[in-house]
Amino acid sequence: MSDHTGAEPEVIERESMEFDVVIVGAGPAGLSAACRLMQQATESGQELTVCVVEKGSEVGAHILSGAVIESRALDELFPDWKTMGAPLDTPVTKDQLFLLKDHEKATQIPDMLIPATMHNKGNYIVSVGNLTRWLAEQAESLGVEIFPGFAAAEVLYHEDGSVKGIATGDMGISAAGEHKDGYMPGMELHAKYTLFSEGCRGHLGKQLNERFDLSKDADPQHYGLGLKELWDIKPELHQEGLVVHGSGWPLSDGTSGGFFLYHAANHQVVVGLIVDLNYSNPYVSPFDEFQRMKHHPVLKQYLEGGKRVCYGARAITKGGLNSLPRMVFPGGLLIGCDAGTLNFAKIKGTHTAMKSGMLAAEAVFDAIKQGDEGGQQLTSFESAFEKSWLYEELHAARNFGPALHKYGAYLGGAFNFIDQNIFKGKLPFTLHDTEEDYAQLRHAKTSATIDYPKPDGQLSFDKLSSVFLSNTNHEEDQLCHLTLKDSSIPLGTNLPLYAEPAQRYCPAGVYEVLENDEGEPTFQINGQNCVHCKTCDIKDPSQNIVWVTPEGGGGPNYPNM
């Protein structure tokens with residue numbers, strides 16, 4: 001068990017570096033912002049220094065997405081991306097949508113009844129990890145400095161309260177809080193403006209949201225947990241460009257979500273399940289729901305006889321426009337999934353994240369070009385955002401998630417068909433979903449236990465073998481980055497009330513309830529297993545777990561996700 005106790009390490013003065021712009025996170029939003037900043041600098045002859053810090057061991061190491069993407073933002077950022085070699089080489093050839101009725105039966109939804117947002121003609125099946133690696137190459141060729149393996153651990157502020165930059169985490173601190181051999185203090189990176197693009201539930205974004213009360217006029221944010229595997233399948237079963245979506249079985253008891261299976265290049269498919277984190281039964285295990293789902297004939301027909309080559313999990317921000325916080329504050333901006341720009345009606349967030357980064361880059365560059373020394377609140381971004389296709393798209397999709405949560409898959413699906421296909425997202429009212437996801441968990445005594453089948457090692461697997469395929473690694477002797485506000489709550493509150501759901505909602509086997517020699521329960525945190533999905537920070541019913549950055553370079557190393 002860890003609640004970040006131990007000796008306080010001695011304070012060592014950190015070195016600092018100055019930039020015009022610092023960007024936290026080398027995902028689609030951050031790298032698009034970096035590229036757009038330097039494009040403008042080149043076009044105008046303006047001197048500009050831009051730095052991107054990335055906690056993964058390399059760019060793309062922590063990127064996990066389905067993914068089918070629209071090229072709309074990329075078309076704007078690099079109009080000649082095809083000749084430049086961007087890794088979008090598998091166009092969608094066919095869409096299928098299923099409703100799984102039970103473990104054997106399914107109904108295929110006719111195209112004419114599918115919400116317009118679910119059609120993927122003109123889109124591409126991609127590895128977003130590889131797309132970010134390509135974007136990083138473009139950014140560096142434009143003059144951006146990228147520092148992988150350095151986690152942004154702290155927001156720095158000026159005396160007037162505006163954001164000054166960030167500090168990277170110290171390296172070489174033991175689990176007891178002492179300096180080890182090779183200890184290296186973090187660096188301070190100061191900037192006129194700092195863009196935060198950490199992805200869903202960014203831990204600095206969360207702090208900024210609270211400090212500047214950015215969500216005071218927004219609905220609570222909503223989340224899903226996405227689980228994904230990459231498979232090599234038999235060539236005769238492969239249909240390059242086929243996109244399969246669906247919902248229904250095995251999710252039950254009010255648990256909502258949906259699956260995907262995309263036929264990528266090289267006889268590979270990506271298969272996954274998104275489980276909405278507003279589920280109410282504490283016995284739900286999203287990981288085990290995913291494993292048994294793959295036995296359904298709709299998916300099994302492609303996977304049988306194949307080989308699973310990678311596994312990962314990541315929370316997604318799905319509240320949309322209704323839950324979008326104010327994205328600007330003195331000295332910086334929240335962009336991409338750190339703010340929540342994903343379009344849940346399309347189950348797509350890459351193109352929207354990229355566009356948010358580009359809009360931020362344009363607002364920041366205009367300010368700096370006019371002699372702005374930083375620290376201001378860039379309201380010009382807000383007006384540009386509200387005039388953009390990004391806002392238009394999110395506004396049209398604003399009712400999609402609340403409809404599913406309020407009315408369920410059948411009635412909610414019917415509402416969304418009418419909203420999206422007939423009214424094009426322009427119904428004269430807005431549905432709201434105002435209950436926090438974590439607050440919807442019922443007590444264990446009023447919930448049905450779930451008996452998940454044992455994995456067969458062919459289509460379904462256990463958590464530990466899955467984490468092995470994520471290439472996750474953390475230094476054994478380091479401060480645990482999964483911190484508890486109160487170490488008594490897991491056993492004193494969550495266990496009796498909710499059967500301690502952390503041992504089930506975590507898709508990586510991080511949290512365990514064990515028995516000691518006296519037969520008493522103990523709570524164990526296996527921080528080295530953590531795939532940085534952030535589910536524990538979101539779903540803990542007591543809001544007692546706070547995810548903070550581990551040492552830079554730790555976590556998963558996704559090769560082609």
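Remember, predicted model here, so these are calculated numbers, not experimental data.
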Side-chain polar contacts of residues 82-90 - donor-acceptor pairs under 3.5 angstrom, sequence neighbours left out - could you list them?
{"residue": "T83", "atom": "OG1", "partner": "D80", "partner atom": "O", "Å": "2.9"}

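Residue pairs that meet the ring-ring contact (aromatic ring centres under 6.0 Å, His included) test with at least one member in residues 213-232, sequence neighbours left out, are H222-H405. Residue pairs satisfying the ring-ring contact (aromatic ring centres under 6.0 Å, His included) criterion with at least one member in residues 327-346, sequence neighbours excluded, are listed as follows: F212-F329. Among pairs with a residue in residues 17-65, those fulfilling ring-ring contact (aromatic ring centres under 6.0 Å, His included) read H62-H532, at least two apart in sequence or across chains. Pairs engaging residues 145-167 under the ring-ring contact (aromatic ring centres under 6.0 Å, His included) rule: none recorded [sequence neighbours left out]. Note on residues 356-379: pairs passing salt bridge (Lys or Arg N to Asp or Glu O under 4.0 Å), not counting sequence neighbours, are R36-E362.
Between the side chain of Q543 and the main chain of I538, a donor-acceptor pair closer than 3.5 Å is present. When atom types are taken as modelled, the side chain of N322 and the backbone of R398 share a donor-acceptor pair closer than 3.5 angstrom. Side chain of E386 to main chain of Y391: no donor-acceptor pair is present (N/O by atom type, distance under 3.5 Å, no hydrogens or angles). Using modelled atom types, one side-chain atom of S127 and one backbone atom of N130 make a donor-acceptor pair closer than 3.5 Å. Formation of a donor-acceptor pair under 3.5 Å by the R314 side chain with backbone atoms of C200 is found in this model. Between the side chain of K318 and the main chain of G401, no donor-acceptor pair closer than 3.5 Å is present. Using a distance-only test at 3.5 Å, with no hydrogens or angles considered, a donor-acceptor pair links the side chain of N421 to the main chain of I114. Side chain of K539 to main chain of D437: a donor-acceptor pair is present (N/O by atom type, distance under 3.5 Å, no hydrogens or angles). Between the side chain of S323 and the main chain of P220, a donor-acceptor pair closer than 3.5 Å is present. A donor-acceptor contact shorter than 3.5 Å links the side chain of K228 to the backbone of S65.
No more than 12 heavy-atom neighbours from other residues, nucleotides or ligands sit within 6.0 angstrom of CD on E475. For K180, the NZ atom is densely surrounded, since the number of other residues' heavy atoms within 6.0 Å is greater than 12.
Looking at residues two or more places apart in sequence or on another chain, you find a side-chain hydrogen bond (donor to acceptor under 3.5 Å, both in side chains) between E382 and R326. Take E154 and apply the side-chain hydrogen bond (donor to acceptor under 3.5 Å, both in side chains) test, not counting sequence neighbours, and it matches R14. Partners of K355 by salt bridge (charged side-chain N to carboxylate O under 4.0 Å, His left out), not counting sequence neighbours, listed by chain and number: E76. Here S197 pairs with I23, A29, I335 under the side-chain contact (heavy atoms from CB on, under 4.5 Å) rule; sequence neighbours left out. Here Y558 pairs with nothing under the side-chain hydrogen bond (donor to acceptor under 3.5 Å, both in side chains) rule; sequence neighbours left out. When the side-chain hydrogen bond (donor to acceptor under 3.5 Å, both in side chains) test is applied to S174, no partner is found at least two apart in sequence or on another chain.
Looking at L342 and T317, their side chains never come closer than 4.5 Å, going by heavy atoms from C-beta outward. A 4.5 Å side-chain heavy-atom check between I63 and M561 finds every atom pair outside the cut-off. In this structure, N560 and L230 have side chains that are in contact, with non-hydrogen atoms separated by less than 4.5 Å. Residues F260 and V271 are not in side-chain contact: their nearest non-hydrogen atoms beyond the backbone lie 4.5 Å or more apart. Looking at heavy atoms from C-beta onward, T472 lies out of side-chain contact with N529 at the 4.5 angstrom threshold. Here the side chains of Q376 and P330 are not in contact, with every heavy-atom distance at 4.5 Å or above. In this structure, the side chains of I69 and K348 stay at 4.5 Å or more apart for every pair of heavy atoms.
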Quiz item: Going through the distances and angles, do T535 and R201 end up as a side-chain contact (heavy atoms from CB on, under 4.5 Å)?
Solution: CA-CA 9 Å; T535 305; R201 195 74 165 195; over 6 Å; no
Quiz item: Run the side-chain contact (heavy atoms from CB on, under 4.5 Å) check on C35 and V144 step by step: do they pass?
Solution: CA-CA 8 Å; C35 290; V144 176; over 6 Å; no
Exercise. Walk me through it: do E392 and K387 pass the test salt bridge (charged side-chain N to carboxylate O under 4.0 Å, His left out)?
Key: CA-CA 8 Å; E392 181 182 352; K387 294 174 184 175; over 6 Å; no
Quiz item: Given Q528 and V510, is the side-chain contact (heavy atoms from CB on, under 4.5 Å) satisfied, shown in steps?
Solution: CA-CA 8 Å; Q528 67 273 18; V510 170; over 6 Å; no
Exercise. Might you work through the side-chain contact (heavy atoms from CB on, under 4.5 Å) test for C310 and E229, ending with a clear yes or no?
Key: CA-CA 6 Å; C310 197; E229 293 174 351; over 6 Å; no
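Side-chain atoms of T49 and D20 include a donor-acceptor pair closer than 3.5 Å. Side-chain contact of E240 with H263: a donor-acceptor pair under 3.5 Å is absent, judged by distance alone. No hydrogens or angles considered: a donor-acceptor pair under 3.5 Å links the side chains of Y183 and D170.
Atom CG of L31 sits about 8.0 Å away from atom CD of E54, to the nearest 0.5 Å. The CG atom of L227 sits 6.0 Å away from the CG atom of L273 when rounded to the nearest 0.5 Å. Atom NZ of K534 sits about 11.0 Å away from atom SG of C337, to the nearest 0.5 Å. Interatomic distance, CG of N209 versus CG of L334, reported as 6.5 Å (0.5 Å rounding). Atom CD of E188 sits about 6.0 Å away from atom OG of S16, to the nearest 0.5 Å. Taking CD1 of I545 as the reference point, atom CG of D537 lies at 8.0 Å (rounded to 0.5 Å).
A salt bridge does not link E198 with K55: none of the charged nitrogens is closer than 4.0 Å to a carboxylate oxygen. Note on E70 versus K346: salt bridge recorded, some NZ/NE/NH1/NH2 to OD/OE distance being below 4.0 Å. Ion pair K206/D338 not flagged as a salt bridge, since none of the NZ, NE, NH1 or NH2 atoms sits closer than 4.0 Å to an Asp/Glu carboxylate oxygen.
Checking each of V24, V163, T194 against V155 for a side-chain contact (heavy atoms from CB on, under 4.5 Å) leaves exactly one that passes, namely V163.
Between W389 and H351, the ring-plane angle classifies as parallel under the 30° and 60° cut-offs.
Ring pair Y262/H245: centre-to-centre distance below 6.0 Å.
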